[in-house]
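Read the numbers this way: they start at 1 and go in the same order the structure lists the ligands and their atoms. Throughout, numbering of the chain's residues begins at 1 and tracks the sequence.
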Amino acid sequence: MSTVRVRVAPSPTGAPHVGTAYIALFNLAFARRHGGQFLLRIEDTDQTRSLKAHEDRLISALRWLGLDWDEGPDVGGDCGPYRQSERLDIYRRHADQLLATGHAYHSFATAAELASWRAEGQAAGVPAPFAVERDGDPAAGRARAATGEPYVVRMKMPLEGTCVIEDMLRDAPISIDYAGLDDQVLLKSDGFPTYHLAVVVDDHLMGITHVIRGEEWINSTPKHMLLYDWLGWDAPKHAHLPLLLNPDRSKLSKRRNPTSIDYYRRAGYLPVALLNYLALMAYPPAAGADGAEQEKEPFDDFVGRFDLARISLGGSVFDVEKLNWLNGRYLREDLTPQQLLQALRDWALNDDFLAQIMPLMQPRMETLGDLMPKCVFFFSRNVEAKLEDLLPKGRQAEDVAAMLQTVVWSLETVVPWQRDAIEVAVKRTGEFWDWPIRDITRPLYTAIMGQPVGPPLYESIVLLDVDLTRMRLLAAIEVLGGVSKKKAKKLEKDWAS
Ligand code: GLU
């Protein structure tokens with residue numbers, strides 16, 4: 001296949017992340033620019049963390065942004081299935097091939113054995129704890145596996161030498177020594193592949209020509225290069241994009257910023273603005289006629305001037321204020337009033353959404369005019385929660401902040417986002433603190449609605465959706481003075497137990 005084929009390969013283990021949209025955006029721009037194809041592949045090899053509900057949200061979020069793919073689990077294509085959990089026999093076949101050629105071995109070691117070998121190895125100055133098994137008799141390994149004893153398949157990493165990676169975005173090749181790398185597991189004891197085996201097999205079988213992904217995968221690339229080599233395949237070209245960053249330049253995390261695409265959707269951002277902003281995260285703005293930078297640029301125009309080589313490395317701080325500014329410009333400059341109205345309808349001012357609010361509001365109305373003031377919190381990006389409204393009688397701000405933090409954690413486990421599960425999660429927090437439930441719900445009402453009274457709490461939280469709920473709780477925690485890092489750490493430990 002000579003035409004460009006690229007992919008985005010998210011793992012459906014949480015909310016649809018803006019980082020996924022960012023990677024998808026550059027892949028799609030590259031595909032469009034070169035008349036190639038863009039694929040969506042779902043990497044659901046982590047059986048405990050992958051959920052269909054996450055996948056559904058992801059697909060819906062990417063579609064909302066207009067990052068449409070030519071092949072994928074929902075649209076099919078010639079190289080499917082596009083969901084890794086449906087390709088297990090393919091991975092096993094390739095693992096068998098690597099076993100047969102002596103590049104991989106069966107490993108039966110328990111975690112405790114590995115740890116003790118590692119300690120012994122360290123004392124002896126030998127880095128790899130795997131020597132015990134990797135140099136054993138392959139036939140014996142096969143026989144043991146055939147008895148049904150649980151095992152993993154590991155790759156036999158070279159003990160010395162250097163992997164040299166050519167990256168399309170970097171002038172100098174990247175060199176990584178093999179010596180520091182563990183014998184990577186390729187096939188887990190549950191029969192699922194790890195990311196490393198699956199990504200190489202799939203990129204090859206799906207005809208991927210360019211792997212354009214986040215910088216966090218650079219250190220994995222030597223393993224992938226070895227696998228291509230051992231399987232007798234040409235490796236695709238690689239381009240590792242800079243990461244999106246928090247203001248302190250750590251990798252963008254949801255502790256500080258809203259990172260879910262659905263947050264931006266629900267809070268009323270326009271897809272065109274979010275895409276534009278994400279493109280600017282790694283690409284210099286266009287020059288206007290007067291030479292001044294023109295940051296506002298819809299995706300189609302961006303594609304027209306896109307050149308992978310011009311991507312700027314270094315990483316960009318994701319700045320919601322700047323996104324707000326850009327979004328405001330699109331709202332004000334690009335939409336006729338009629339189009340603005342349509343955008344509002346597409347967003348939340350539609351029968352579908354309003355119909356869900358009616359049962360909550362009806363018991364609280366005397367005239368039709370009572371509706372809007374009482375349900376404004378469903379339509380606002382944020383609410384202003386006052387300190388005194390957040391505090392139940394006799395409680396300290398510090399404790400209420402900590403309590404709300406545990407609500408945040410508790411709600412993280414609610415998938416899918418349903419009323420009863422939300423109630424259970426909130427009540428769990430009440431038990432943890434041993435507070436009467438009203439001391440939990442008052443701050444919650446205020447955080448969610450901006451005042452301590454309103455329509456039924458759990459139903460409202462459902463309609464507000466997970467991401468807006470989360471951001472309101474985090475905002476309320478700030479109003480209460482925040483939870484220090486140290487305290488959060490201890491709290492998280494107590495909470496987890
Ligand atoms: N499943 C990986 C992720 O979630 C894909 C990395 C890659 O593109 O190779 O980011």
Side-chain angles (χ1 to χ4, degrees), residues 4-31 37-52 54-55 57-59 61-62 67 69 71-73 79 81-88 91 163 165-169 174 176 184-186 188 192-228 233 235-245 251-254 259-261 278 281-282 308 311 315:
V4 160
R5 283 171 66 82
V6 292
R7 66 1 177 230
V8 67
S11 300
T13 52
H17 200 279
V18 283
T20 301
Y22 160 80
I23 300 291
L25 157 83
F26 282 98
N27 275 283
L28 180 60
F30 187 72
Q37 286 114 36
F38 170 56
L39 284 64
L40 171 68
R41 182 172 70 228
I42 298 294
E43 300 210 325
D44 54 350
T45 56
D46 184 339
Q47 271 199 92
T48 46
R49 295 175 59 225
S50 298
L51 291 178
K52 183 66 170 47
H54 291 315
E55 179 191 314
R57 277 183 71 193
L58 181 76
I59 287 184
L62 294 177
L67 295 168
W69 43 96
E71 299 169 29
C79 300
Y82 294 89
R83 206 176 275 117
Q84 290 187 327
S85 58
E86 294 166 15
R87 300 170 63 81
L88 299 188
Y91 307 124
C163 176
I165 305 163
E166 303 284 345
D167 186 290
M168 293 173 76
L169 307 185
I174 304 167
I176 299 177
Q184 175 65 49
V185 173
L186 296 175
K188 298 181 272 188
F192 274 62
T194 57
Y195 157 68
H196 305 282
L197 176 63
V199 78
V200 166
V201 168
D202 287 348
D203 282 342
H204 176 75
L205 295 181
M206 295 182 182
I208 298 303
T209 55
H210 299 76
V211 169
I212 305 173
R213 63 182 167 197
E215 221 165 55
E216 75 261 45
W217 300 106
I218 288 181
N219 285 332
S220 298
T221 309
K223 296 171 185 170
H224 304 171
M225 291 303 186
L226 285 171
L227 291 174
Y228 283 113
W233 298 335
K237 291 197 164 64
H238 282 83
H240 288 95
L241 295 173
L243 299 180
L244 304 179
L245 304 176
K251 185 179 164 194
L252 185 68
S253 69
K254 65 178 179 186
T259 54
S260 162
I261 301 169
L278 289 173
M281 290 276 92
L308 200 58
I311 285 188

Visitor: What are the polar N/O contacts of ligand 1 with the protein below 3.5 Å, with distances?
Guide:
{"from": "ligand 1", "atom 1": "1 (N)", "to": "Ala9", "atom 2": "O", "distance (Å)": "2.8"}
{"from": "ligand 1", "atom 1": "1 (N)", "to": "Ser11", "atom 2": "OG", "distance (Å)": "3.2"}
{"from": "ligand 1", "atom 1": "1 (N)", "to": "Glu43", "atom 2": "OE1", "distance (Å)": "2.6"}
{"from": "ligand 1", "atom 1": "4 (O)", "to": "Ser11", "atom 2": "OG", "distance (Å)": "3.4"}
{"from": "ligand 1", "atom 1": "8 (O)", "to": "Arg7", "atom 2": "NH1", "distance (Å)": "2.6"}
{"from": "ligand 1", "atom 1": "8 (O)", "to": "Arg7", "atom 2": "NH2", "distance (Å)": "3.4"}
{"from": "ligand 1", "atom 1": "9 (O)", "to": "Arg7", "atom 2": "NH2", "distance (Å)": "3.0"}
{"from": "ligand 1", "atom 1": "9 (O)", "to": "Tyr195", "atom 2": "OH", "distance (Å)": "2.6"}
{"from": "ligand 1", "atom 1": "9 (O)", "to": "Arg213", "atom 2": "NH1", "distance (Å)": "3.0"}

Visitor: As a test of understanding, state which of Met225, Glu166, His210, Met168 forms a side-chain contact (heavy atoms from CB on, under 4.5 Å) with His238.
Guide: Met225
Visitor: Side-chain donor-acceptor pair under 3.5 Å between Glu71 and Tyr82, yes or no?
Guide: yes
Visitor: Just to verify, which of Val8, Leu67, Leu241 counts as forming a side-chain contact (heavy atoms from CB on, under 4.5 Å) with Leu25?
Guide: Leu67
Visitor: Quick check: closest heavy atoms across Ser50 and Thr45, and the distance to 0.1 Å?
Guide: OG-N, 4.3 Å
Visitor: Just checking, any donor-acceptor pair under 3.5 angstrom between side chains of Asp202 and Tyr91?
Guide: yes
Visitor: More than 12 heavy atoms of other residues, nucleotides or ligands under 6.0 Å from NZ of Lys188: yes or no?
Guide: yes
